[in-house]
Amino acid sequence: MPGLQIGIDLGTTSILIYVRGKGIVLHEASVAALDSATGDVLAVGNRVASMVGRSPDSLRIVHPMRDGVISDFTVIQAMLGYYIRRLCGNRVFKPSVMICMPASVTGLERGAILELAIAAGAGRACLVEEPLAAALGAGMNVAYRGGQMIVDIGGGTTDVAILTMGTMALSRSAKVAGNALSEAVQRHLRRERNVLIGDPTAEEIKRKVGCARLRSAELAVYVKGQSYITHLPAKIEITSSECYLAMRERLEAMVRVMQRTLEETPPEMAGDIAEQGVVLTGGGALLRDLDVMLHERTGLKIRTAKNPVSCVAAGLGIMMEHQNVLEDNGYFYRTEDDIGEYTRSRNL
Ligand SMILES: Nc1ncnc2c1ncn2[C@@H]1O[C@H](COP(=O)(O)OP(=O)(O)OP(=O)(O)O)[C@@H](O)[C@H]1O
Ligand SMILES: [Mg+2]
């Protein structure tokens with residue numbers, strides 16, 4: 001098929017695009033600015049991210065992905081359309097687009113995502129599960145005959161999957177990931193220190209001093225906010241222990257989803273996982289000491305992938321190079337004509 005081959009990791013926090021033969025060519029924030037009056041999409045991506053918390057009333061900032069799934073189809077279609085046009089320029093042939101989706105999306109949502117990709121300018125589109133792509137991108141040998149565990153901690157969801165022989169044997173997901181940790185810090189400062197901070201500041205605190213367990217060497221950062229009581233500007237210091245305690249409950253939820261998945265894993269595969277260890281991907285995996293904490297809580301060997309944020313996109317690239325293997329596993333590109341057929345065949 002002529003035309004570009006594009007892989008899209010549509011995440012809650014960021015969108016990464018891989019172009020076959022070129023690699024990852026785009027990494028943008030999953031955010032858009034709309035005209036408050038008309039609802040038209042005016043700008044998307046990183047240009048908008050810097051406006052979060054500072055936008056004028058005439059603009060409405062929206063996050064069209066929530067908890068790993070599309071919450072605003074119109075905005076996502078406009079975003080994808082914009083990126084596809086930017087990448088394809090005035091090429092005659094429309095691109096083939098491979099899109100990742102969380103393992104938990106329903107059949108109905110799959111049909112809708114395929115339709116959206118076609119409407120955004122794809123000539124044909126194929127959906128693949130995010131944990132599979134993440135595992136490939138993390139360098140795991142997905143053809144391994146035993147069970148392997150991958151945990152993707154993104155912005156919106158923590159997805160735990162057990163893979164075997166190139167397919168997903170089991171997957172569980174929790175709507176607690178990196179963004180929930182930043183929100184917990186924000187909430188803590190409002191409730192306990194009477195200080196309001198915006199999303200970018202909460203993110204900064206998490207990255208600079210956030211950690212998944214108490215540390216012997218304390219870290220601290222000063223940040224600017226607004227007093228909840230006087231509404232005047234306020235400058236406060238927050239330490240790694242305080243940040244950890246604010247995030248503790250949410251971190252516990254991540255541990256629970258891993259434990260629940262392990263409980264449901266057949267014993268043979270659980271034995272393989274104990275031997276092989278677990279691979280962490282997604283930006284949330286970059287939280288300080290997360291690997292150490294998960295090892296302490298589960299007793300498993302934990303390895304954080306190299307470049308965890310780009311594993312899914314890199315995995316899509318590998319899948320594009322091995323289209324025949326994908327087809328053997330039941331992943332096919334759909335065109336506009338066969339999406340209706342696909343939807344009917346699944347009684348959607
Ligand atoms: N150094 C870091 N320390 C802690 N958290 C980080 C760091 N870098 C990125 N993150 C977090 O990673 C998350 C984004 O990760 P990623 O880009 O994998 O998410 P996503 O794919 O957009 O989301 P999802 O897969 O849930 O839809 C954000 O919550 C961000 O705060
Ligand atoms: Mg992701």
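Each ligand, and each atom within it, is numbered from 1 in the order the structure gives. As the structure is a prediction and not an experimental result, all values here were calculated from the model.
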Evaluate the salt bridge (Lys or Arg N to Asp or Glu O under 4.0 Å) criterion for residues R193 and E242: first the C-alpha distance (whole Å), next the side-chain angles of each, then the deciding distance (0.1 Å), finally the verdict. CA-CA 11 Å; R193 309 266 304 261; E242 189 178 0; 2.7 Å; yes

Would you mind running through ligand 1 and noting each atom that sits below 4.0 Å from a heavy atom of [X]?
X	value
L287	3 (N), 4 (C)
G11	20 (P), 21 (O), 22 (O), 27 (O)
G178	29 (O)
G68	27 (O)
G282	18 (O)
E130	25 (O)

Donor-acceptor pair between [X] and [Y] side chains, under 3.5 angstrom:
X	Y	answer
K206	S182	yes
T38	D40	yes
E28	Y82	no
Q186	D199	yes
S240	E218	yes
T281	D152	yes

So is there a nitrogen or oxygen of [X] less than 3.5 Å from a nitrogen or oxygen in ligand 1?
X	answer
D9	no
G284	yes
I153	no
S182	no

Go through the steps for S173 and D159 under the test side chain to side chain donor-acceptor pair (under 3.5 Å), then give the verdict. CA-CA 4 Å; S173 178; D159 293 299; 2.8 Å; yes

Which residue and heavy atom of the protein sit nearest [atom], plus the separation:
atom	answer
atom 6 (C) of ligand 1	G283 O, 3.3 Å
atom 2 (C) of ligand 1	L286 CB, 3.5 Å
atom 28 (C) of ligand 1	N179 OD1, 3.6 Å
atom 22 (O) of ligand 1	T13 N, 2.6 Å
atom 5 (N) of ligand 1	K206 CE, 3.6 Å
atom 17 (O) of ligand 1	S14 OG, 2.9 Å
atom 19 (O) of ligand 1	G155 N, 3.0 Å
atom 30 (C) of ligand 1	E203 OE2, 3.3 Å

Looking at E129 and R110, is any side-chain nitrogen of the basic one under 4.0 Å from a carboxylate oxygen of the acidic one? yes

Is any side-chain N of the basic residue among R248 and E252 closer than 4.0 Å to the acidic one's carboxylate O?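 No.
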
Checking salt bridge (Lys or Arg N to Asp or Glu O under 4.0 Å) for the pair R124/E336: CA distance, chi angles, key distance, verdict? CA-CA 7 Å; R124 49 181 206 157; E336 188 169 11; over 6 Å; no

Pairwise side-chain contact, M79 with P64, heavy-atom cut-off 4.5 Å (strictly under): yes

Flag side-chain contact, heavy atom, 4.5 Å: E130 against D9: yes

Backbone, side chain, both or neither: what part of M65 comes under 4.0 angstrom of ligand 1, heavy atoms only? neither

Please classify the R288 to ligand 1 contact at 4.0 Å (heavy-atom distances, strictly less than): side chain, backbone, both or neither. neither

Where do V31 and I61 land on the side-chain contact (heavy atoms from CB on, under 4.5 Å) test, with the steps shown first? CA-CA 7 Å; V31 56; I61 306 291; 3.4 Å; yes

Any non-hydrogen atom of G210 lying under 4.0 Å from ligand 1?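 Under 4.0 Å: no for G210.
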
Residue selection (non-hydrogen contact nearest atom 27 (O) of ligand 1) among L10, T12, V312: T12

Does E130 bring an N, O or S atom to within less than 2.8 Å of the Mg ion (ligand 2)?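 Yes - counting backbone and side chain alike, E130 has an N, O or S atom under 2.8 Å.
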
